[in-house]
Amino acid sequence: MAALVGRALTLPRLIVVVVVVASALILQVTVLNRLGLPGATPALVTVVVIGFALVAGPLVGTIVGFGAGLALDLMPPAIGTVGVTAGVFAVVAYFAGHVVVDHSKPDLLMVGAVAGFSVVAALAVILASGFTGATEISWFAIPRILLTEAIYSSVLAVGAVPLISYLYRGARDEVSL
Amino acid sequence: MRDESRARVLVIALLLVSASLIMLDIRGSAAVGGLRALTGSIVGPIESAIAAAASPFVSMAQSVTSFGAVDERERIATEELQRVAGTSQEDKAVSESLEKVLKTAGVGGYSVIPARVVAYGSTQNFGGSITIDAGSLDQIETDMSVISGDGLVGRVVQVTPTTSTVELITDSKSVVAARIEGSRQAGALSGTGSSNRMSLKLLDPTVSLKEGDKVVSFGSPDGRPYAPGLALGAIVGFQGEQGQADRIAFVQPAAAMSALDVVGVIVQQSRTEPRDLQKPSPSPSSTPTETPN
């Protein structure tokens, strides 16, 4: 029971979710995507979504995933099909929410889980984009994208997930939503 | 347990919502377009502000030119345009006359709005798009060509008052009418989602091509979405044999597509197309576009 209460979405926690996700979205498009790193772009938003799912469970995770995905679909410079990232992130976060790991510190299991789910999310977005518009996809590039995505997500998870864990669990209040 | 069943209902509901959005967007729904425009006008200025603050860091990472003042940006863009004209045209005389055209204000020539890149799209979905810090208040409209110092970068696909979104020529949905510099063979250049590789299909597959051949834009009527004669890239490899109907040439983009910073939006075309200027003029004094004033 205590575990469930410890994960419920309260108003201060909602504020934490909104602030962290919004910052991740802006940093994603203005800084991380512009670094020109080889392979994939470091997917901070994906890592944050998975982080909230690990910390807060499938219910909150699904909401965060859908919201963050929809924002990525709609905000500039997105020109892909609206709804693809939202759907993928909602489902990935739902499953990630069922995984029980210690998210308060960067251990191997947690980093592995984040990397694994972010690769699944990237692959799902590639496939969904392929079926909903993109024409000339260079399929040979996919393994390189997924491998680099796993590496970048592992690095990001070390910092982001314990921070999310700390902020979310710290922001307790009686006002339950 | 109740939490678990609620989560299951929720994920199915949200998946259906996503599927509906995808359907609506594919059918070109005005509602989704409006939602996108609204998000753009809210988020765009925030992106511009954060990008300006993060610029030193990003520039360091990209090792590109540093931040400049507004008139400095205009000067840079003009220089860039002249460089573009120089690199994409086949002989020096042409670039010189184009340069002259550029300098003749009010008579003809490209007018360029300089802009800086504030945001990049993720490459995971084989897209290629950027947001720039100039919008409808700066006379930017959709389907205008966007160039960098090295060549054509893309076309404007969405405009908000202060920002615009540009579909890069490397986006997997992008197709640009192209021609080979020199042989003037026409073809279609498609993006592949990779920032250093595009694929070119010539209309006539029997034409002999070699690595290093330059590819330039063919140009659209009124220069929209693509102005003519802009550098697109160089051939770096082939798939298939010469004469094979589905032969593809791989093209490396002329512009550094993953590290764009200062770009120019072509808001006005030269009255005489650059291609026509290749004919040597009969006498220097009888330029038809020159108007007395």
Side-chain angles (χ1 to χ4, degrees), chain A residues 4 7-8 25-36 39-41 43 57-63 65-66 69-88 90-91 93-94 97-98 122 125-126 128-130 132-138 141 145 149, chain B residues 3-4 6-8 10-11 14-15 17-26 32 35-36 39-40 43-44 46-47 50-51 54 57-58 61-62 117-127 129-131 157-158 160 163-167 171-173 190-195 197 199 258-259:
Chain A
L4 270 180
R7 293 175 7 153
L25 285 166
I26 297 292
L27 275 180
Q28 181 76 64
V29 297
T30 56
V31 178
L32 291 169
N33 288 357
R34 298 189 61 195
L35 295 179
T41 40
L59 187 64
V60 175
T62 306
I63 300 169
F66 180 81
L70 189 60
L72 264 191
D73 280 337
L74 287 173
M75 66 192 266
I79 54 170
T81 312
V82 173
V84 169
T85 319
V88 167
V91 174
Y94 171 78
H98 287 86
V125 168
I126 288 170
S129 307
T132 59
T135 46
E136 295 265 346
I137 278 182
S138 39
I145 285 180
E149 165 105 21
Chain B
D3 227 34
E4 170 52 39
R6 275 162 73 193
R8 197 179 307 141
L10 185 74
V11 74
L14 291 180
L15 203 52
V17 172
S18 306
S20 315
L21 282 171
I22 292 170
M23 289 303 171
L24 284 172
D25 195 21
I26 287 175
V32 176
L35 206 59
R36 196 167 236 173
T39 317
V43 182
I46 303 173
E47 286 178 3
I50 302 293
F57 175 67
V58 173
Q62 292 181 337
V117 177
V118 297
Y120 253 91
S122 296
T123 54
Q124 270 86 331
N125 54 358
F126 291 92
S129 56
I130 53 172
T131 302
V157 289
Q158 195 203 328
T160 75
T163 61
S164 318
T165 299
V166 178
E167 180 194 76
D171 186 279
S172 55
K173 291 184 293 297
S190 314
T192 62
S194 157
S195 64
R197 210 165 151 100
S199 66
S258 61

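Protein chains get the first letters and strands the later ones, always in sequence-line order, with residue 1 at the start of each. What you see is a predicted model, and the numbers here were worked out from it, not measured in a lab.
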Problem set entry | Separation of B:D25 CG from A:D73 CG (nearest 0.5 Å) | 8.5 Å
Exercise. Run the side chain to side chain contact (heavy atoms under 4.5 Å, CB included) check on B:L21 and A:L70 step by step: do they pass?
Worked result: CA-CA 10 Å; B:L21 282 171; A:L70 189 60; 3.6 Å; yes
Problem set entry | Atom pair OG1 (A:T81) and CE (B:M23), whose distance is rounded to the nearest 0.5 Å | 10.5 Å
Exercise. Heavy-atom distance under 4.5 Å between the side chains of B:L10 and A:F66, does that happen here?
Worked result: no
Exercise. Which region of B:I130, side chain (C-beta onward) or backbone (N, CA, C, O), has a non-hydrogen atom less than 4.5 Å from a non-hydrogen atom of chain A, or is it both or neither?
Worked result: backbone
Exercise. Given the rule in the side chain to side chain contact (heavy atoms under 4.5 Å, CB included) test, do B:V43 and A:I26 qualify, once you have shown the distances and angles that lead to the verdict?
Worked result: CA-CA 9 Å; B:V43 182; A:I26 297 292; 3.9 Å; yes
For this session: Quick one: which of A:V91, A:V82, A:V31 has the most heavy-atom pairs under 4.5 Å with chain B, could you say?
Result: A:V82
Problem set entry | Test side chain to side chain contact (heavy atoms under 4.5 Å, CB included) applied to B:T131 - qualifying residues, sequence neighbours left out | A:P76, A:P77, B:E47, B:V118, B:A119, B:T163, B:T165
Seminar exercise, completed: One option among A:A90, A:A86, A:G80 has the most heavy-atom pairs under 4.5 Å with chain B, and it is A:G80
Exercise. Is there side-chain contact between B:I46 and A:T30, with at least one heavy-atom pair below 4.5 Å?
Worked result: no
Exercise. Say you draw a straight line from CD1 of B:I22 to OG1 of A:T85; how long is it, rounded to the nearest 0.5 Å?
Worked result: 8.5 Å
Exercise. Under a 4.5 Å heavy-atom cut-off, does chain B meet the side chain of A:I145, its backbone, both or neither?
Worked result: side chain
Seminar exercise, completed: Rounded to the nearest 0.5 angstrom, the CG-OG distance for A:L32 and B:S122 is 9.0 Å
Exercise. Are any side-chain N or O atoms of A:R34 and backbone N or O atoms of B:V117, one a donor and one an acceptor, separated by less than 3.5 Å?
Worked result: yes
Seminar exercise, completed: Contacts of B:E167 meeting salt bridge (Lys or Arg N to Asp or Glu O under 4.0 Å) (sequence neighbours excluded), chain-then-number -> B:R155
